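Structure record follows, encoded as C-alpha cells.
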Amino acid sequence: MNQAVAIRIQGTIQGVGFRPFIWQLAKRYQLCGDVCNDGSGVLIRAYPIPDLQRFTQDLRMHAPPLSDVQNVGWQFFHWHQPPPNFSIRASCLDGSQTAIAPDAATCPECLAEIFSPTSHRYRYPFTTCTHCGPRFSVIEALPYDRERTTLHEFPLCSDCLSEYHSPDNRRFHAESTACPDCGPKLIWLDHSPHVRHLDPLATALATLQEGKIILLKGLGGFHLVCDATNEQTLATLRQRKQRVSKPFALMVPNHQWLAKLVVPEQLAVAHRLLSSSAAPIGLFRRRIDAPIASLVAPRLDELGLIYPSNPLHHLIAREFNRPLVLTSANQSALAPMLDDEHVWETLGPLVDGMLGHNRKIVTRVDDSLLRLDHQQQAVLLRRSRGYVPQSSLMDEVLMLAAPLLAMGADLKNTFALARNREVILSAHFGDLTSLSVQNQYQQAIEHYLKLYQLHPEHIVIDAHPGYYSHQIGRMLAEQLNAQVVKVYHHHAHVAAAMVEAQVKANQQVVGICLDGLGMGPNGTWWGGECLVADYQSFEHVGGLPAVALPGANLAARQPWRNLLAQWLAFVPNWSERWPNDLADCPVQPLSAAIARQVNSPLASSAGRLFDAVAAYLGCSPRVLDYEGQAAISLEQLAMQVSSLPTSLTMALVPCGDQYYLDMTDFWQQWLSVKGSRAQKAWLFHDALANGFAQLALKVADARRIETIVLCGGVMNNLLLRSRFEYYLKSKRVICARQYPCGDGGLALGQAAIGAAQLQI
Amino acid sequence: MSNDVITLAHGSGGQAMGQLIENLLVKQFDNPYLRRGEDQARIALSSMNSESGTLAMTTDSFVIDPLEFPGGDIGKLAICGTANDLAVGGARPQYLTCSLILEEGLAIARLEKIIQSMAHTARQANIQIVTGDTKVVGRGNADKLFINTTGIGFIDPRTHWGMEQITAGDDIIVTGTLGDHGGAILNQRENLGLGDALQSDCAVLWPLVEPLVHIAGVHTLRDATRGGVNAILHEFAKTSGLGFEVSEVLLPVSDAVRGMCELLGLEPLNLANEGKLIIICKNSATTQVLTQLHNHPLGANATVIGQVQEKPGVRLKGAYGVTRSLELPYFEPLPRIC
Ligand SMILES: [Fe+3]
Ligand SMILES: [Mg+2]
Ligand SMILES: [Zn+2]
Ligand SMILES: [Zn+2]
C-alpha cells in the first residue's frame, strides 16, 4: 500500500501541450504515475507525493503559453502498485467540464519549417504543433483527441506518429498534426474542370497574379481573396458581390507592408495586436499614401488589416508579397453550408477558382475584428476565431443548477451556453434574416451542445417575437423540453457588460444603452435608454424621446428619413432649413405617412439619431450600403476637428419620475452653431454624451449607485465612448472590451439574466 | 331638406322606409324575385343550370372606409367580394342578398350612387340580388354605410378544387399586379398624395375562373384580399404542411404600387387585392392555365411567381438569391380595407 495523490486540473488545458509539460515536470520531480485528459480536465496520479505547494506553483507558473489553468485540486489515495515510471495515458471519456482552446496563429517554429527547403514540412499548408494551429474549429467532440477531430480521416504516418508519441517533441499529442505524407491536401477547382492542376497553390497564386478573384477555404469557412492593389479587380469584386462601399479587410504579408498602410503612431500597437495568437483583423488609421486600390475602403480613414494566421495564408502572403483582400464568404446568403461542393456550386459563379482542401469544416468561425480606443487599447467589435470558445465566469450567486442556452439577437448574432458559473459565447453568425444563415446557426447550436455534452433546461430568448432567434429558441425549447426565459433586449446589453466587468449579483448599476432598435416592454421600441439594473431586473428611468421610424426597417437604410422624423418632431419651420442635397427626397408623402402613422412606429433609437445628424451634414450616401455606415462617417468627420467654436449643453425634461433629453432645445442650439461640419459633428457626439451622462449621474446620485454601464452597438463609436468617460469621471464606468458592446455580445447578458431569474 | 339625408325614419318600417326600398333598391336591383315583394326569394332549383353540382354559399360584410375610392366604391366591392369567394371554389355566382346598415345622416344622393354601382356591377356579372334588408342606426353607431352580401352559386361537377390537392412541385400563379386595392385605399385614406395611378383592381373574377374549370391539374384557387398574397400562402402552408417559395423578381407589381412600397417600406405581397387570383396548379397545366388567363383582360399580367416545395414554410427569394422566410405582419397595416 502506497500513499499517492490524484491532482485534478481544470481550465483551458487540452490541446495546448499540457500533458507533455506535466510529463516533463514529473520527470523533474522524479515522480512515477501518469497523466491523462478526461472530460473534466487533466488528471495526474503521482507517487510519491511531491511537495504539493511547490509542485502546483510550478505547474501554474510554467504552464504552456496557450493554456489557462483555472483550478487545481487534489486528493490522496492508496495505490496498490504504482508504475515504475511516469507516462501519459490515453484519454478517458466522461461528462465534460473542460475548456476548449481557441484556434491559434502559426507559431514561429512551424513557420520556420514551412519556409525551410530542407524541412519535411516545407510548403506544407497544414503544419501545426501543440503551440499553434486549429483547435476549436476542428474538434467534433471532447475530450480533445485526434479521433474526435476532423483529422481522424488522416491516420498519422510513422514519422508523425513517433513525433506524436515523444513527450519531448513539439508535436507530442499535437492532435491536429499532419505532414505531406499523411495529412490533408490542397485542391484547386475552376471553371475548366477537365484540366488537372498538379500544384493547386501555384495555380491559385498565378490566378491571383492575373488580377482574378478566388475562394479560399480556411479554418471555419471561406474567404474571397484578390489583389488589393488592383483597382480593376476590386471593381469586379464589388460588382460581383453587389457591395457598393462596405470596406474589405486586407491580409498584409509582413511588418514592412504594415508600415506602408498604417499611420506611424499606430504602427507598433497594430503590429503587436495583429501578431497575437488570436490573429484578429484590426482597424487602424490608414496612411494617405497607402499603396492599395481606392475601392478597398472608399471614403474611410481606417483599414481592416490581418496578418497571415495559418500556414496556407503564410504561403500565399509571402509569395504574393502584396496586400490581398480577404473577405468572409460565410455570411453570403448564397452559401448554405460549409461543405466544399455546396460552396463551389453556389459561390463558384462569383469567382475564378477555389483553393480548397479535403479537411472538412465542422462549424463556422469568422475572423475576429478589433479597434483601438482613444487610449490605444483594443476593443473587440466581432469576437470569433482566436477567442471563441474562451469562457467567462458569472458571479457565484448566479451558479446554475442546470445548463442554459441563450439565443442572442437577430443582427450580429452569437449565442451562449452556460453551465455552473461559466458562460461560453459562440462564434459570430451575423444577420439571421437569410435562411442559409439560420441553418448555420441551428447547426452550430447543435454542434456546440454536442461538443460540451449539454442538455439545456432553460433557453433564453429576446422578448421580440419577430426575431428569428426568438422563434428558433421557442422551437428548440419544445424539442429539448426546456423552459423559455424571455429577456428584454436593453437589459441584456447592460448585463453583458456587467458579466465582463464581473459585477456582483447584489449590485445595481445605471446603464446607458444606445443602439439601433430593440423591443422594450408594452410594445415600445427602444434604442436610447437609461436603465437602473441588476442581473435580475431593470427599471427604465428615461432616455431619448421616441420619434417615428418612417418606413420601419427602411429608416435604418436611408438616413434622411430619420432627419425628417426628428425635424417634424422637434424643429419648427424645419422645411426652410431642409438641406439642398436632400431636396429631391419624397418629403411630402413621407410626412403624411408619419402624420398618419403609416408603417412609422415610434422608437427612441440612438442609432437613428446618428443617422439624422449624418444626413444633415451630408456625410452618408442616400441609401446605406452597410449597417452603421452613417454613424461611422459621422464619427470620422468629428475626429477631424482641431478646435471647437463653443460647447453645447443638453437639457433634461422630467416626465413622471423619468427624464428625457430635450431634443427641441438640442436641435435649436446645434443648428444655430456657426461652425464647420466637423465641429458640428463633434458637438453632436459631445452633447449626446453630456445629456446621457447628466441623466445617469442624476439617477446614480439619487440612488447611491457607483457604477455606470455604457453599452449597445452605438458604443462602438469610440469618440462617443471617450466623451462619456470624460463626463462620468466621478463614477466607475464599465464598457465592454473583450466582448462586443453591441448585439454580438448580447447572449452573454441574456445568459446572466436567465441565471439570475432562475435563482428566485 | 330632411329627405336629403338618411334619418331614423328610413329604418322605422313606415312610409319613409317603404319609399327608400321601392324607389331605390327594388328599382335599381330590379328582377322578378325581388319584384314579388315576399319576405324571401323563391328560387326554382331548375334555374340553377346544374343537375348534379354542389351548392356553394358564402357571406361577407363590407365596412370599407372611405366609401368611394379610385377604381370603385363599397357597392361594387360588396358584389365583387362575395362573387369572388364563390368563384374561387369553381362556382358561378348567381344570386346575392344585400343587407344595408345605414348611419343616420348619410346623404341619400351618395347612397343612390353606391346602390347604382352595386346594381351595375351585378348586372355586368349576371348576378341577381334577390332579397335584402335595410337598417338605420343613430349617428355614431355605425360609420355611414355597412353592407353585407350573401351569395350562392353552383359548382361545376368537374371541379374539386381545394387545399388538399396542393402537391410539392406545383406552380404558384397570380393573375396580375399585386397590391393595387390596398395601395389605392392607403393613398386615398391617408392623404399621401401619390397620384391617380393608384387604382383599386376591384373586379368580378368569374370570367377568368370559368375557363379553368375544365383544366385538369388546377389544384386550388383563392382571391388574395385582406393580408394579400402572403396571408393566402400562409393559409396554404398551414393547412397543407408544404412550403411556398416565391421569387421577388417574378412578382408583378405596378410602378405606382412599387413606388409606394419603396417609400413606405411595405411589401406588395402583404397588400390587399380585390381582383387577383392565386392559382396553384400542376406544373404540367401551367401553360394551359396561363394561356386561358392571358385571353382575358383581367388576366393579361398573369404569371408564375413561385413553386410549392416539400420543406414547410413561406419563403421569399430575393433578387440576389437571399432566401428568407416571409412572416405574417404583426398587425394589419390597414384596417377596414374591404
Ligand atoms: Fe442592440
Ligand atoms: Mg371574403
Ligand atoms: Zn506550431
Ligand atoms: Zn505524416
Side-chain angles (χ1 to χ4, degrees), chain A residues 239-243 331-336 345-347 349-350 410 431-439 464-468 470-472 475 519 523 525 548-558 560-561 564 585-601 623, chain B residues 65-66 179 182-198 243-249 256-268 270-271 309 311-337:
Chain A
Q239 190 254 325
R240 289 195 194 158
K241 260 206 121 178
Q242 295 290 330
R243 245 192 195 189
Q331 178 76 37
S332 171
L334 293 167
E345 218 171 88
T346 51
L347 291 178
L350 288 185
D410 267 22
D431 186 348
L432 292 186
T433 305
S434 101
L435 282 164
S436 55
V437 179
Q438 285 175 34
N439 270 341
H464 190 339
Y467 270 10
Y468 296 107
H470 175 113
Q471 293 163 12
I472 294 169
M475 203 181 67
M519 205 184 82
W525 295 105
L549 289 178
N553 290 337
L554 276 186
R557 298 209 52 217
Q558 301 178 13
W560 69 271
R561 289 171 181 266
L564 180 63
C585 293
V587 163
Q588 282 319 317
L590 201 64
S591 306
I594 293 170
R596 306 300 301 259
Q597 297 179 2
V598 179
N599 204 27
S600 302
V623 177
Chain B
D65 170 42
I185 301 304
L186 189 63
N187 182 35
Q188 187 190 7
R189 192 196 297 173
E190 310 302 339
N191 237 323
L192 301 177
L194 293 175
D196 305 332
L198 290 160
F244 294 78
E245 184 166 315
V246 297
S247 284
E248 205 158 21
V249 290
V257 169
R258 189 176 299 285
M260 164 183 250
C261 287
E262 277 166 14
L263 177 74
L264 302 178
L266 301 174
E267 189 82 72
N270 290 335
L271 290 180
Q309 301 173 340
K311 193 184 157 206
V314 179
R315 290 177 287 277
L316 180 68
K317 194 168 154 203
Y320 303 121
V322 189
T323 305
R324 60 184 173 92
S325 63
L326 259 183
E327 311 288 314
L328 278 181
Y330 276 91
F331 53 93
E332 178 106 45
L334 259 192
R336 291 188 58 194
I337 199 161

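By convention in this document, chain letters (A, B, ...) are assigned in the order of the sequence lines, proteins followed by strands, and residues within each chain are numbered from 1. Being a predicted model, the structure only gives us computed values, none of them experimental.
Your options are Leu264(B), Asn191(B), Asn187(B), and the one with the most heavy-atom pairs under 4.5 Å with chain A is Leu264(B). With respect to chain B, the highest number of heavy-atom pairs below 4.5 Å among Pro550(A), Ser600(A), Gly466(A), Ser591(A) belongs to Gly466(A). Counting heavy-atom pairs under 4.5 Å between each of Ala555(A), Pro465(A), Ala552(A) and chain B puts Pro465(A) at the top. Ranked by non-hydrogen atom pairs under 4.5 Å with chain B, the options Gln588(A), Arg561(A), Gln438(A), Gln597(A) are led by Arg561(A).
Within the 4.5 Å cutoff, the side chain of Leu263(B) has heavy atoms near those of the Leu590(A) side chain. Between Glu327(B) and Gln471(A), the closest side-chain pair of non-hydrogen atoms falls below 4.5 Å.
Contact of Leu194(B) with chain A is made through the side chain alone, with heavy-atom distances under 4.5 Å.
Here the straight-line distance linking atom CG of Leu432(A) with atom CZ of Arg324(B) works out to 14.0 Å at 0.5 Å rounding. Put simply, NZ on Lys317(B) and CG on Leu435(A) are 12.0 Å apart, with the number rounded to the nearest 0.5 Å.
Around atom CZ of Arg189(B), more than 12 heavy atoms belonging to other residues, nucleotides or ligands sit under 6.0 Å away.
Closest non-hydrogen pair, Ser434(A) versus Val322(B), comes out as CB-CG1, 3.4 Å. Considering all non-hydrogen atoms of both residues, Leu554(A) and Cys261(B) come closest at CD1-O, 4.4 Å.
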Could you go step by step and tell me if Leu186(B) and Val598(A) meet the side chain to side chain contact (heavy atoms under 4.5 Å, CB included) rule?
CA-CA 9 Å; Leu186(B) 189 63; Val598(A) 179; 4.0 Å; yes

